[in-house]
Structure formats: C-alpha cells, structure tokens
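Below is one structure, written out as structure tokens; the observations come after it.
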There are 2 protein chains.
Amino acid sequence: MAKIRSKKNSSKKDVIIEKASKLFREKGFGAASMRDLAEHVGVEAASLYNHIQSKSEILQAICFKVANDFLSHLEAVQSAPESALKKMELIIRFHIRMMMDQYEYVYISDHEWRHLPEPYLSNFLNQRRNYRRSLSDLIARGIDRGEMKNIEPYVAVLTLLSAISGIESWHRSRKIIPPDVLEDNMVKYLIEGLKK
Amino acid sequence: MAKIRSKKNSSKKDVIIEKASKLFREKGFGAASMRDLAEHVGVEAASLYNHIQSKSEILQAICFKVANDFLSHLEAVQSAPESALKKMELIIRFHIRMMMDQYEYVYISDHEWRHLPEPYLSNFLNQRRNYRRSLSDLIARGIDRGEMKNIEPYVAVLTLLSAISGIESWHRSRKIIPPDVLEDNMVKYLIEGLKK
DNA sequence: AGATAAAACGAACACTCGTTAGTAAAATTC
DNA sequence: GAATTTTACTAACGAGTGTTCGTTTTATCT
C-alpha cells in the first residue's frame, strides 16, 4: 500500500512533473523528449511509464494545477468585503507572486496549453474564458461605482494579464531588479491606469 | 534572369513564408512539419527546397523582419521633435498596429524565437535587448523632465511590451471589440499609468 | 525466509521528422 | 524549335518520436 517517497512528501510522479516543468519551459513541450526527461530524472525513458500514463498527462497536470490555483484565489477574493479596486490589486499581486514563485508552472500553462489533447484543451479554454469574464465583471462594477476610469473592461483584463505574464522576461535580470521592487512598480503602473 | 511571380510582386519564397507564418502560429514552429507546409502551399515537401534552404531559414526571415520593422520605427521616432511621453505613445500605437496588421509575423517573433539556431539566436536576443534598453532610456528621460511618474523604467517597458503582445488573445473576439476601440483603450490604460 | 508488488531495464515497434538524390516536367532564353 | 534553366516529383535516408513488451532487479509485506 505504501508508496515510495523520493524526498519528503513528494511521490516519484511529482518529481517527474517537476523536472518536466523545467524542461518544457526551456525547450517547449514539443521539443522536449521523453528521453530528455528520463535523463533528468535519472532513469530510462520506459521507466517513466510506471508512474505516468503519457507525456500529455504531465502537461495536463501542470496546466490544470495552475488554472485551479488562480480560480481558487479569485473565488476567495470575490467574497471578501473590499472595494473593486482593492480586489483587483489583490488579484494582480497574486498573479505576480505566482509568476515569481511558480515560474515554470505558470509559464507552461500560459504558453504550452495549445498542446493539450481534447477534451482537455476545450476544458482549459473554457476555464480561462470564465476566469477572464469574472475579472471583466469585477472591473465593470468598479467603473459603475466610480472607483475606476471608464475603460473597456475586457481590454483592461487583457492588458493586465498579459502585462503580468511578461515577467518571464524579467526572470533573467532578477539581480538588477529585486522581486518586491518589481511587484510594487507593476502594481503602481497597472493600478494607476485603472484609477479614476 | 526573370523569376516567376506567383501573384503580383511576391516570389514563391514569399508565398512559402506567408503560409508558414500562419502554420507556425497555429501549431508552433516545432509541431508544424514541412509536409504540412507543403500541403498548404500546394506542392510536395521536397519541392519547397528549391526556394528555401531550410525550415529554420523561414523562422529567421520572419523574426528578423519584425525586429527590423520595430527598430526602424524606433529610430524614426527618436529623432522626432516630440516630448518623451508623446514618443512613447507613438511607439505604443505602432506596436498595437503591428500586432493587428501583421499578427502572425509578430506573434511568431514573440513566441518562437527560441527555435532560432545559433548564431541567429544570439543576434536576435541582442537586438531585442538593445531595443528594450532604448525604450528604458526614453522613459528615464521622461521621468527626468517631469513628464512621467517615478516608475522603474525597465519594469515599465516590460509591462508595456507584454501588455501589447497580449492582443493575441483579443484576435478571436475582434467582432465584439473593434480594432480602434481596442487601440484607444489600451493607449488610455498604458499611457495613463505613465503620466505624472 | 519466501511471496508479492513496484520499478527499472534493453529492445523494439510504428511513425514522423527535415532533408537529399536523381529524374521528369515545365518555363524561359536564344 | 532547340537548349538551358527552373521547378516539381518520387523515393529514400538517417535520426528521433512516444510508447509497449517481456523480463529482470529492487523494495515491501507476511
């Protein structure tokens, strides 16, 4: 019954997914081979299939973990007693933090979801669409209440989200600009553009 | 001496690159095969090699065309007699326009440059780094002259550029939000976040 | 300890990949 | 119209793909 734990509480499957996330980000899902991955795990390619079912199962695990993290946080924020503007700031900060703490995972979820097989692809896109719609609604409410300037909500959401996902470029120059400086500056920029 | 022109002034090589840009965007460079491309061009895969030298030559052509377009425009703006803020607005608008008019090309240049072979990869990254540094300098000057709020210039550049590159998500909902509305709203958002 | 389950292995399968060689068809030049 | 160049074709190569098979090694449980 008991499973092998390679280190602490992580199963070998978790190790595989973690190594894969680094590899998928570096080379892209398509260009990263199972033999590549196996070498990083320290095992032969065939042995991987004792722990996973397919290459794309790894991608699914990564993409949906990220999607669920964002969705959970959104729901928590939505039911909080804050202004729409403050809620947006919380969400923006969460996105930035996720981008910094779970860089590989978020990056892959952002860039490699195309390679998801059906029906997971449609599922993923549906979830993303709903998430964005919720953010749009939040901004629309902020405008109605006079907290935000009269901007097209969906455009604002698009601008916001892609601005944040661009932190990937920063990841290599993190010595020059420390994380908290980056976060505060981005929030300043992005929230200021929303304020009335 | 005279070459065949498939349509108007475009050589067959141009046709191949154009079809490839659509394919590379849809499937990604790695997942798009030469046989795929050949089918879209209406020819056998081997025949492509009468017009191009390799698959990655196509990628090079696309990436460097886009990079040069942006660089040319930047140099033109730099020598114009405008305020730093106005210059930034011109650049932002140009980026948005490029994203709308040359969607496939810009998208590929943004997302598939990783697959460039050396030494083109290093070349490309150098060019991009210089471009971003120029934008940073422009913003720094805007801050010095009191036109912009005191924000970390490099963070602002990162935020700006990636916000714009996110228009890709909008491309499918262009019926709901017309191009000029998108452009004006994005400019409003992004410039407002810069203003003092 | 022996029995049982889990994990690793080498080899192979059935493909697909970018690309090349050799040749036939088509277009251009003279 | 013949000669020449350009383009497209079929066939194939060698390498790499994700994955499966049958077996052996390793770990866990009684």
Side-chain angles (χ1 to χ4, degrees), chain A residues 1-21 23-24 26-63 108 112 114-118 120-121, chain B residues 1-21 23-24 26-63 108 112 114-118 120-121:
Chain A
M1 188 83 75
K3 297 273 186 71
I4 276 199
R5 307 276 132 161
S6 286
K7 298 205 172 185
K8 294 192 198 176
N9 273 343
S10 63
S11 70
K12 192 127 196 179
K13 182 168 180 173
D14 293 336
V15 174
I16 291 175
I17 292 179
E18 202 192 337
K19 296 280 186 188
S21 70
L23 208 61
F24 289 176
E26 284 171 8
K27 305 190 149 196
F29 177 79
S33 76
M34 294 302 276
R35 289 169 178 83
D36 259 359
L37 175 57
E39 197 170 356
H40 279 80
V41 177
V43 92
E44 288 301 313
S47 308
L48 295 174
Y49 288 84
N50 285 323
H51 308 277
I52 60 163
Q53 284 201 318
S54 67
K55 187 187 182 187
S56 70
E57 191 209 25
I58 303 177
L59 186 61
Q60 292 163 35
I62 294 175
C63 289
I108 291 167
E112 307 290 339
R114 283 169 189 276
H115 297 93
L116 285 171
E118 291 288 2
Y120 302 97
L121 178 59
Chain B
M1 190 84 73
K3 296 276 184 68
I4 276 199
R5 309 277 132 160
S6 286
K7 295 202 170 183
K8 294 191 195 174
N9 274 345
S10 64
S11 69
K12 192 128 198 179
K13 182 168 181 173
D14 293 335
V15 174
I16 291 175
I17 293 179
E18 202 192 339
K19 296 281 186 188
S21 70
L23 208 60
F24 289 175
E26 284 171 7
K27 305 191 152 195
F29 177 79
S33 76
M34 294 302 276
R35 290 170 176 83
D36 260 359
L37 175 56
E39 197 170 356
H40 279 80
V41 176
V43 93
E44 289 300 315
S47 308
L48 296 173
Y49 287 84
N50 286 322
H51 303 93
I52 60 163
Q53 283 200 319
S54 68
K55 188 188 182 186
S56 70
E57 192 208 28
I58 304 177
L59 185 61
Q60 294 163 34
I62 294 174
C63 288
I108 291 168
E112 306 290 339
R114 282 171 190 275
H115 297 93
L116 284 172
E118 291 288 2
Y120 302 98
L121 178 59

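First the proteins, then the strands, lettered A, B, ... as listed; each starts at 1.
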Could you tell me how far apart A:Glu44 (CD) and D:dT26 (C1') are, to the nearest whole angstrom? 16 Å
So if I define the base as every atom that isn't primed, P, OP1 or OP2, how would nucleotides 11-19 of chain C read as a B/S/- string at a heavy-atom cutoff under 4.0 Å? -B----BBB
Going by modelled atom types, is there a donor-acceptor pair between the base of C:dA6 and the side chain of A:Asn50 at under 3.5 Å? no
Test log, rule side chain to side chain contact (heavy atoms under 4.5 Å, CB included), inputs A:Lys19 and A:Val15: CA-CA 6 Å; A:Lys19 296 280 186 188; A:Val15 174; 4.3 Å; yes
Atom CG in B:Leu23, atom CD1 in B:Ile16: separation rounded to 0.5 Å? 12.5 Å
Nearest-Å distance, CG (A:Leu48) to P (C:dA6)? 18 Å
Which residue pairs pass the side-chain hydrogen bond (donor to acceptor under 3.5 Å, both in side chains) test when at least one of the two sits in residues 27-38 of chain B, sequence neighbours left out? B:Lys27-B:Asp36
Over how many whole Å does the gap from A:Lys12 atom NZ to D:dA27 atom P extend? 11 Å
Rounded to whole Å, please give me the gap between CD1 in B:Ile16 and P in D:dT7. 10 Å
Send over the distance from A:His51 NE2 to D:dT19 P, rounded to a whole Å. 15 Å
Would you say B:Ser47 places a side-chain N or O within less than 4.0 Å of OP1 or OP2 belonging to D:dT7? no
Does anything in residues 39-49 of chain B form a side-chain hydrogen bond (donor to acceptor under 3.5 Å, both in side chains)? List the pairs, not counting sequence neighbours. none
Who are the side chain to side chain contact (heavy atoms under 4.5 Å, CB included) partners of A:Ala38, not counting sequence neighbours? A:Val43, A:Ala45, A:Leu48
Could you give the side-chain donor-acceptor pairs of residues 50-62 of chain B under 3.5 Å, partners two or more places apart or in another chain?
unit_1	atom_1	unit_2	atom_2	d
B:Ser54	OG	B:Ser56	OG	3.4
B:Ser54	OG	B:Glu57	N	3.2
B:Lys55	NZ	B:Phe29	O	2.8
B:Lys55	NZ	B:Ala32	O	2.8
B:Glu57	OE1	B:Gln53	N	3.1
B:Glu57	OE2	B:Lys13	NZ	3.3
B:Gln60	NE2	B:Ser56	O	3.4

Between D:dG18 (P) and A:Gln60 (CD): distance, integer Å: 15 Å
Whole-Å distance between D:dG18 C1' and A:His115 NE2? 14 Å
